Every structure is written in C-alpha cells, then in structure tokens.
There are 2 protein chains.
Amino acid sequence: MNRPTLEAVAARAGVGRGTVSRVINGSPNVSEKAREAVQQAIQELGYVPNRAARALVTRRTDTVALVVSESEFRVFDEPYFAGTIRGIGSALTETGLQLILAMARSRQEHARLEHYLTGQHVDGVLLLSLHGDDPLPGRLEAMGVPTVLGGRPVGPATPYSYVDMDNRAGARQAVKHLLGLGRGRIAAIAGPQDMGVGVDRLSGYRDAVLPTGLPELVAYGDFSEESGESAMAELLAAHPDVDAVFAASDPMALGAMRVLKAAGRAIPEDVAVIGFDDSKAALHADPPLTTVHQPMEAMGRQMALLLVARINGEELRQPVVILDTHLVRRESA
Amino acid sequence: MNRPTLEAVAARAGVGRGTVSRVINGSPNVSEKAREAVQQAIQELGYVPNRAARALVTRRTDTVALVVSESEFRVFDEPYFAGTIRGIGSALTETGLQLILAMARSRQEHARLEHYLTGQHVDGVLLLSLHGDDPLPGRLEAMGVPTVLGGRPVGPATPYSYVDMDNRAGARQAVKHLLGLGRGRIAAIAGPQDMGVGVDRLSGYRDAVLPTGLPELVAYGDFSEESGESAMAELLAAHPDVDAVFAASDPMALGAMRVLKAAGRAIPEDVAVIGFDDSKAALHADPPLTTVHQPMEAMGRQMALLLVARINGEELRQPVVILDTHLVRRESA
DNA sequence: AAGGTCTTTGGGAGCGCTCCCACAAAGAGT
DNA sequence: ACTCTTTGTGGGAGCGCTCCCAAAGACCTT
C-alpha cells in the first residue's frame, strides 16, 4: 500500500535520483535512453510525486486560494459566481495548480484566514467582490503573496491587479437604449457604493443621463432581489411618473419588476426595465429581461491567468484586465 | 521576509524543538512555564507552522477535496449547491481542514484527477451528486482514500458512506398533500433514474399513488428547468386532464408552471404544482411554489463530519446519515 | 538516604523531494 | 595525442517538521 518514492523509481530504472527528478520536471539535459527507462519505471510503479516533499524544498505549494469572505458568503447564490469559478477552474487545471476554497464567516476566522494565507501555504490569492477598503489585499501583497481581485476595488488608483467588466460602458449603453426608446424619467437602482461595480454602473447611468438634462432618479440596493423591491417602491413613491428603470443587477431588476407589476404598471409599456448580469433568471423572467451581458467565465479565466503570471514573476505590462460588456435586448425594454 | 521556523521559536523561547512541537500540537506533557514561553515566542515571531514539512512526516495533508466532475459541472448553478458548500465549509473550518475544489471536465482530466486524489495529496474526498455507477468512489476507497458521497448512490447496498435527504418520504408527503386536495390525475416529473435522488423521489410518488388505484403519469427530466418544460408539454399532450404535478426539483416545477400557464391552465385551480428543493426561486415564483424542504446546509455539515470521522479512523456505527425533509405549503398547491 | 516511578525535556533521525556540485563520458579543437 | 568544452549523471545536503529515545528532574516510598 505504501506509495513508491522517487528513489524506488530510480532504483527500478537503474539511474540516480537526480535523473528521475530531471525527467519529472522536464529538464532538457537527459538522454533519451534514461528518459524512457524512467518513464517506464514511473508507469510500472504508478509513481506519483509527493507534493509535500516538493513544496518543502521549492517553497511553492502549487496551490492558490479563492477567498470567499463573510460579507460575500452569499456569492454562491449569485448568478455570476458559477461562471467565474468555472473560468478559474479551467484556467487552473491547465497550469496544474490546485484551487482551495477559503471561507471565513466570523471576524476571528477572518484573522485566522489571513494568517493562513500569509503563512506560505498558498502561492497566490484570488479575491472576489471586495467591499469598501478591505485591508486583505494590501496585507497579502505586503507579505509577498500575489493577489488578483475580481472587480475593481474602490478608491483612486489602488496598486492591485484586478480583472473587471467594463461596467460603466455597459450601464451607459443600457441607459442610452432607454433614452432611444424615448423615455424621459429614467431611474437607476444602484448597487452598494463601497464596491467598484456599484460605483461604475451608477457612473455609466449618469454618463448617459447628464448630457440630456433629464433628472437623475437614484435609489440604492445591495444587488439582492429584496433590495431591488424596496428601492423600486421608494422610487415609485417619490417619482410616480417614472417610465424606465435601470437596475445595477438582474436580481434587483427582477425585484423591481415584481413591485412594478404589483403597482399595476405594464412592462415595458408603462415602465421599461433593464438589468445587469445577463443571468439565467433574466431570460426566464416575465417579460424576458433586457440586460447587460458580462463574460463571467472569461473573467474567471483572466483572473487565474493573471495570478499565474504574477506567481511566475512575469513582468506584467498590464496588471489590469477590463472585459467588454454589451446589451442584450429582450422584451422588458 | 523569511518566515521563522520551529527552530527559531525554540531558540527564542529557550527550549528545544521537541517542546515547541508539543506546545503546537497540544500535547499535555508540557510544563506551564515552557508552554507560556513558547507561546510568547510564537506570538513575537509571528510563527506559522509549515504545512508541507508537517505533511511530509505525518503523511496527512489536512486537506479534503470536493470533487465536481464533468457531468455535474452545472451544480454551481443549482440551488442546492450554495447551501451544501456552506455547510461543508463551516464544518471544515472548525476542524482546521482545508477544502480543495477539484474540477474535471474532460475524460482525461478525470483520469488525472483520480491520479491526483489517490496520490496521497488529500486525506479524504467529498463527492456530490453522483451519476450512475461512477467508478470513482470505489477506486478511491480501494486506494485507502476515505470518501463520503452526497446523495445515495444507485445500485443495491453499495458499501459507501453517504449523507442523503429522505427523498422518498418527502415525495410521498408531497403527493399525499395533492391527494388530500382531492386531485385524481397526479403526474410526476421525475429526475434522472441513474441517480439516487431521481429514483427515490419517484418511489415516493409511487408510494402515495399506488394504494389509491389512480393512474401513474410519469415523464422524465434531468432536474433542469428546460427539461421540466418539455416533460410538462409531453404530459399535457398525453394526459390533457392532469390536475396536479409533482416535480422532482424546483427548477423542473418552475419550467412546468411556465408551460402550464402558456397552455392556459390556472395554478393551482386547474393544476396544482409541487416542487422539491425549497429553493429561493420557488418562493419568488408566481404563484409561490409549494415545495419540499431539504436541509442543504446540514447535509454539507454532515458530509464533512462523516468524512472527518473516517479520516480519524473512528469506528462508525453509522456510515450513512439520512436527513429529514418536509413539505412547505405555499400557493401552488 | 537510597531507590523507585512519573513527568518533562532535548535533540537525532528521517519523511521525499530539489538543488547543486563533482565528476564521467563524449566530442571538438589544436 | 592532448587539452578544453559540452552534455549527462550520481548522490550529498538540507528544506521544516514530528517521532521517539534517552536522560534529567521532581516527587514518592520504604
């Protein structure tokens, strides 16, 4: 039952440890004959290198962590999560790295997690949907742990590398579409303003509305369906004449639609609605929700690729990647 | 920048390596004085044990893998996934184990994954929603890797340990509720019959229908919304007089509802609908979907706990855990 | 006071690997 | 023929930890 070691392979192949190691790590300076002998021995013995032993000497664990911290614990429920993790997974398997899922709910678990991540247990860290000025990325980078964020962090010119959607352009395009429909009382249900996504999607709305001289009607939510409902109720109370809504997330748009319907407004006749995410739920909504598509799987892939490049110490021309978004027209607007 | 080693801590505390190791691992035979000195040194140096070094000698990695294989890659989209992983995460952090997410899309990645998992890189494996007679759990156990399944595997009396919902009882209860409503043409949209869940939920339906002498009207789906739509269409064509539907998953129930509405049937007046999952979407459906609740987070926790127990070599009286399900009555039935 | 037991301690050995140095073998140049 | 490379190879050292053994103390007994 005991797994064979490098030494066993060497003995079997009639070579030294060094040669076996070279074959395994693809060193060029190995004779064809030796390589074949080693490969056969590996095959016969079913040899699998011991990661721990390798990690001990190389000081690399070939492992990266995807951190899901307390406030974003519900990411699992969110439509974008599946795509992102899929992208991360596919990019990572290609490079042979392992993905560990690090979760932290309480504050003390958070501290423990930071301790763990900085304690040479992972080669790099992937951080999803950061809120506010979370100190984690700064601490990690300070300890020499490469970190890549998913979504622009708030604050001016942070030094972190990240992958993000072009949220601003997407929002702008959505609102311009509403404008093109002849709507004149366009409201926005914005996301949390302590997140880059939240800020950027609202900026996009403003970009489109400002030049027209039309009023800015804004309510805030936290991307959840419930918050979309209350924001819509608020909007409806303050501006009964609203004729279009741009919601910064699909769940919020869905919540808004529910409230609008309950208030007797026809969609899109009375009020046009556009969401953001291009989630599955948007497609199945009634009426199907016009929304802004964002390439989630690509984002995951890019995050992983960026991280791998940084782990390998490559000089990055571009530590930031921005992915295109575009409007998907359906029936709600 | 170099992280301190055990030896550094020992030197600082004025004790030997052995004593530091004992303190870290909570050995009882350490004097109070030594323990304090060591703890302070650890604090001052910010010492974090090197996992690789420890793993090398203990032959334990303190890591378990959650395998998400090709066919179930969409689990990320499924409502039950979030709860399960949450439960796994919370149970695991308590025990200090790390969770690695192992994904395999293609067949060859699958082979590589098996190689990896059996190659002493993880202490145990968690397998979600197995299809058919997947050879993976058998291979893993044969190689001495403890494995716990989420959901009963098909086939009579497999030797694996697993955690499952009482799917049969839940389904039976749902159908009995339909019967209690006076419905007499109750159809089932069953899940894949190569999965325990699929089989059991259909059995529950039969348990309730059989004694009544009413006809069994069954169509099959794969738990997805789309499959629910086509199954419902099929059912409607074959049995236009159907007055109730029990779907083996919420997405299928939602798909069925869409088709029913399109066919002009009122829910629940013309056709009552019950789903299974108690997902968030069920709550927000129109009308709110009556469904069978299953404790997903508890399932995740139990899976993790079972695995940990097996890893620690505990003698298990009960290598199988079945969790209760119950009907949640809303407006669709 | 001497011998016993139990607790606590330090440190050698060794886990399986990579790194690197020394050296052998094979060409290449004079 | 001889040196000087170049290429390929074996194996010592050591990564940071746990295990375990021998020895030192502490505390009883008689």
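Lettering follows sequence order; numbering is per chain, from 1. Here the structure is a predicted model, which means the values were calculated and not measured.
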Counting primed atoms plus P, OP1 and OP2 as sugar-phosphate and everything else as base, spell out the protein contacts along nucleotides 8-17 of chain C at 4.0 Å heavy-atom distance: B, S or - for each nucleotide, 5' to 3'. SBBBBB-BBB

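Panel note: side chain A:Arg112, backbone B:Thr93; a donor-acceptor pair is recorded below 3.5 Å.
With hydrogens and angles left out, the side-chain atoms of B:Arg301 and B:Ser90 include a donor and acceptor closer than 3.5 Å.
With sequence neighbours excluded, the residues that form a side-chain hydrogen bond (donor to acceptor under 3.5 Å, both in side chains) with B:Arg12 are B:Glu44. By the salt bridge (Lys or Arg N to Asp or Glu O under 4.0 Å) test, B:Arg51 is found to be paired with no residue, residues two or more places apart in sequence or in another chain being considered. Here B:Tyr160 pairs with nothing under the ring pair (Phe, Tyr, Trp, His ring centres under 6.0 Å) rule; sequence neighbours left out.
Each end of the helix from C:dA1-D:dT30 to C:dT30-D:dA1 gets its own axis, taken as the rotation carrying the C1' atoms of four end pairs onto the next four within a five-pair window, and the two axes meet at 50° to the nearest 10 degrees.
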Give the intermediate values and the outcome of side chain to side chain donor-acceptor pair (under 3.5 Å) for residues A:Thr118 and A:Arg139. CA-CA 8 Å; A:Thr118 55; A:Arg139 297 240 182 89; over 6 Å; no

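The stretch residues 21-32 of chain B participates, sequence neighbours left out, in no salt bridge (Lys or Arg N to Asp or Glu O under 4.0 Å) pair at all.
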